[in-house]
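Worksheet for the structure shown next.
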Amino acid sequence: MNYVITPPAQVGIPVLPAAGGGLFPVHRIYCVGRNYAEHAQEMGFTGREPPFFFLKPADALVPVAEGETGVIDYPTLTANFHHEIELVVAIGQGGRDIPAAKAAEHIWGYATGLDMTRRDLQGEMKKLGRPWCIGKAFDQSAPIGPLVPKSRTGELLKGAITLGVNGQTRQKGDLAELIWSVNETIEQLSRAWLLQPGDLIFTGTPAGVGAVVRGDVMEGNIAGLPTLRVAVR
């Protein structure tokens with residue numbers, strides 16, 4: 001193919017070396033909004049509303065190797081930069097109209113991720129009834145730890161999910177508390193989009209989201225997955 005400019009490189013995230021290593025090629029990043037009840041409440045909502053989704057570009061990912069501390073820049077245009085710890089699901093087998101009972105068959109693996117948010121910009125867009133892209137889909141908005149195959153972890157249905165900032169716990173929950181389970185989320189997503197191998201799903205964050213500033217170090221943990229450490233500069 002004779003491209004008129006150099007095409008961008010394929011975005012990939014490392015697979016945990018102890019699980020075989022290599023790179024997982026990323027296609028799209030889907031994110032689930034308000035998928036823990038207490039987080040929905042802290043954002044001003046209640047109940048089990050129908051799931052809704054937004055996307056981030058693949059090049060918003062900031063891969064962080066096991067045992068290392070990743071670095072992200074404090075973004076422009078914001079004075080209220082928030083952390084959101086999330087279980088990330090990697091799709092290995094695509095499909096459309098996938099029933100929840102079969103959804104786990106489409107999962108390749110899992111990772112710990114951060115859905116970083118320019119909360120003030122997101123809030124402004126909400127008030128105006130406009131898309132959230134400027135608050136959610138900016139550069140370096142998706143730090144992510146190494147991917148671990150489902151063949152190694154088993155299906156992650158429960159387990160602690162926490163985030164600390166400078167050693168102080170901010171967010172704490174359990175994967176079992178997801179309003180829409182991973183399998184239900186895959187079912188709903190695959191009705192709206194043809195899921196592809198390489199898609200990632202950020203599945204939602206527990207309560208306790210809050211601001212970080214330059215110099216802060218975030219540490220995210222999900223039971224069964226490597227710790228994700230990220231510093232803000």
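Between the SG atom in C133 and the CG atom in L121 there is a gap of 12.0 Å [rounded to 0.5 Å]. Considering CD1 of I72 and CG of D139, their distance stands at 11.5 Å, rounded to 0.5 Å. To the nearest 0.5 Å, the span separating CD on Q171 from CD on E86 amounts to 8.5 Å. Rounded to the nearest 0.5 angstrom, K158 NZ and L178 CG are separated by 14.0 Å. In this structure, Q168 CD and L163 CG are separated by 12.0 Å, a value rounded to the nearest 0.5 Å. For the atom pair CG (L228) and CD1 (I85), the distance works out to 6.0 Å, reported to the nearest 0.5 Å.
Nearest approach of A60 to F138, heavy atoms of both residues: CB-O, 3.6 Å. Of all the heavy atoms in E68 and V64, the pair that sits closest is O-CG1, 3.5 Å. Contact record, N35 with G204: CB-CA, 4.1 Å, taken as the closest heavy-atom pair. Between A111 and G145, the shortest heavy-atom distance links the atoms CB-O, 3.7 Å.
Shown are R229, E219, M218; of these, the side-chain contact (heavy atoms from CB on, under 4.5 Å) with T69 is made only by R229.
Two residues are said to be in side-chain contact when any heavy atoms from C-beta on lie closer than 4.5 Å; V212 and V165 meet this criterion. Taking the side chain as every heavy atom from C-beta outward, E155 and Y110 approach each other to under 4.5 Å. Contact annotation: the side chain of T185 approaches that of F53 to within less than 4.5 Å [non-hydrogen atoms, C-beta and beyond]. By the 4.5 Å heavy-atom criterion applied to side chains, I107 and L156 are not counted as neighbours. Side-chain atoms of L23 and Q10, non-hydrogen and from C-beta on, never get closer than 4.5 Å to each other. Looking at heavy atoms from C-beta onward, E84 lies out of side-chain contact with M116 at the 4.5 angstrom threshold. Considering only heavy atoms from C-beta on, T205 stays 4.5 Å or farther from D115 through its side chain.
Formation of a donor-acceptor pair under 3.5 Å by the D216 side chain with backbone atoms of V232 is not found in this model. Of the possible donor and acceptor atoms, one in the side chain of S190 sits under 3.5 Å from a partner among the backbone N and O of I98. Remark: side-chain polar atoms of K56 are paired, donor with acceptor, to backbone N or O of S141 under 3.5 angstrom. In terms of modelled atom types and a separation under 3.5 Å, the side chain of D199 and the main chain of H27 share no donor-acceptor contact. No donor-acceptor pair closer than 3.5 Å links the side chain of T203 to the backbone N or O of V182. Without hydrogens or angle criteria, T227 side chain to N221 main chain gives no donor-acceptor distance under 3.5 Å. A donor-acceptor pair under 3.5 Å is formed between the side chain of R152 and the backbone N or O of A18. With E187 contributing its side chain and A103 its backbone, the two residues share no donor-acceptor pair below 3.5 Å.
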Task: side chain to side chain contact (heavy atoms under 4.5 Å, CB included) assessment of R191 paired with D97 - done: CA-CA 5 Å; R191 291 177 178 174; D97 296 324; 3.7 Å; yes
Task: Steps toward salt bridge (charged side-chain N to carboxylate O under 4.0 Å, His left out) verdict (E124, R118) - done: CA-CA 10 Å; E124 290 174 15; R118 297 193 280 204; over 6 Å; no
- [ ] Show your working on side chain to side chain contact (heavy atoms under 4.5 Å, CB included) between L189 and V32 and close with a plain yes or no.
- [x] CA-CA 9 Å; L189 271 173; V32 187; 5.5 Å; no
Task: Worked verdict on V62 versus V230 for side chain to side chain contact (heavy atoms under 4.5 Å, CB included) - done: CA-CA 10 Å; V62 180; V230 179; over 6 Å; no
Open item on the list: Let's go through W132 and F52 carefully: what are the C-alpha distance in whole Å and the side-chain angles of both, what is the deciding distance for ring-ring contact (aromatic ring centres under 6.0 Å, His included) to 0.1 Å, and is it a yes or a no?
Closed with: CA-CA 12 Å; W132 296 0; F52 68 94; 5.7 Å; yes
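Taken together through direct or relayed side-chain contacts under 4.5 Å among Ile, Leu, Val, Met, Phe, Trp and Tyr, M125 and L77 form part of one hydrophobic cluster. Under the 4.5 Å side-chain heavy-atom criterion for Ile, Leu, Val, Met, Phe, Trp and Tyr, F54 and I201 are members of distinct hydrophobic clusters.
Residue I29 is found in a hydrophobic cluster whose other members, listed by chain and number, are V11, I13, V15, F24, V26, L61, V88, W108, I144, L147, L200, F202; membership requires side-chain heavy atoms under 4.5 Å apart, directly or through intermediates.
For Y30, the ring pair (Phe, Tyr, Trp, His ring centres under 6.0 Å) criterion is met by W193, not counting sequence neighbours. P146 pairs by the side-chain contact (heavy atoms from CB on, under 4.5 Å) definition with L16, E66, P226, not counting sequence neighbours.
At a cut-off of 3.5 Å, with distance as the only test, a side-chain donor of T117 or K136 sits close to an acceptor on the other residue.
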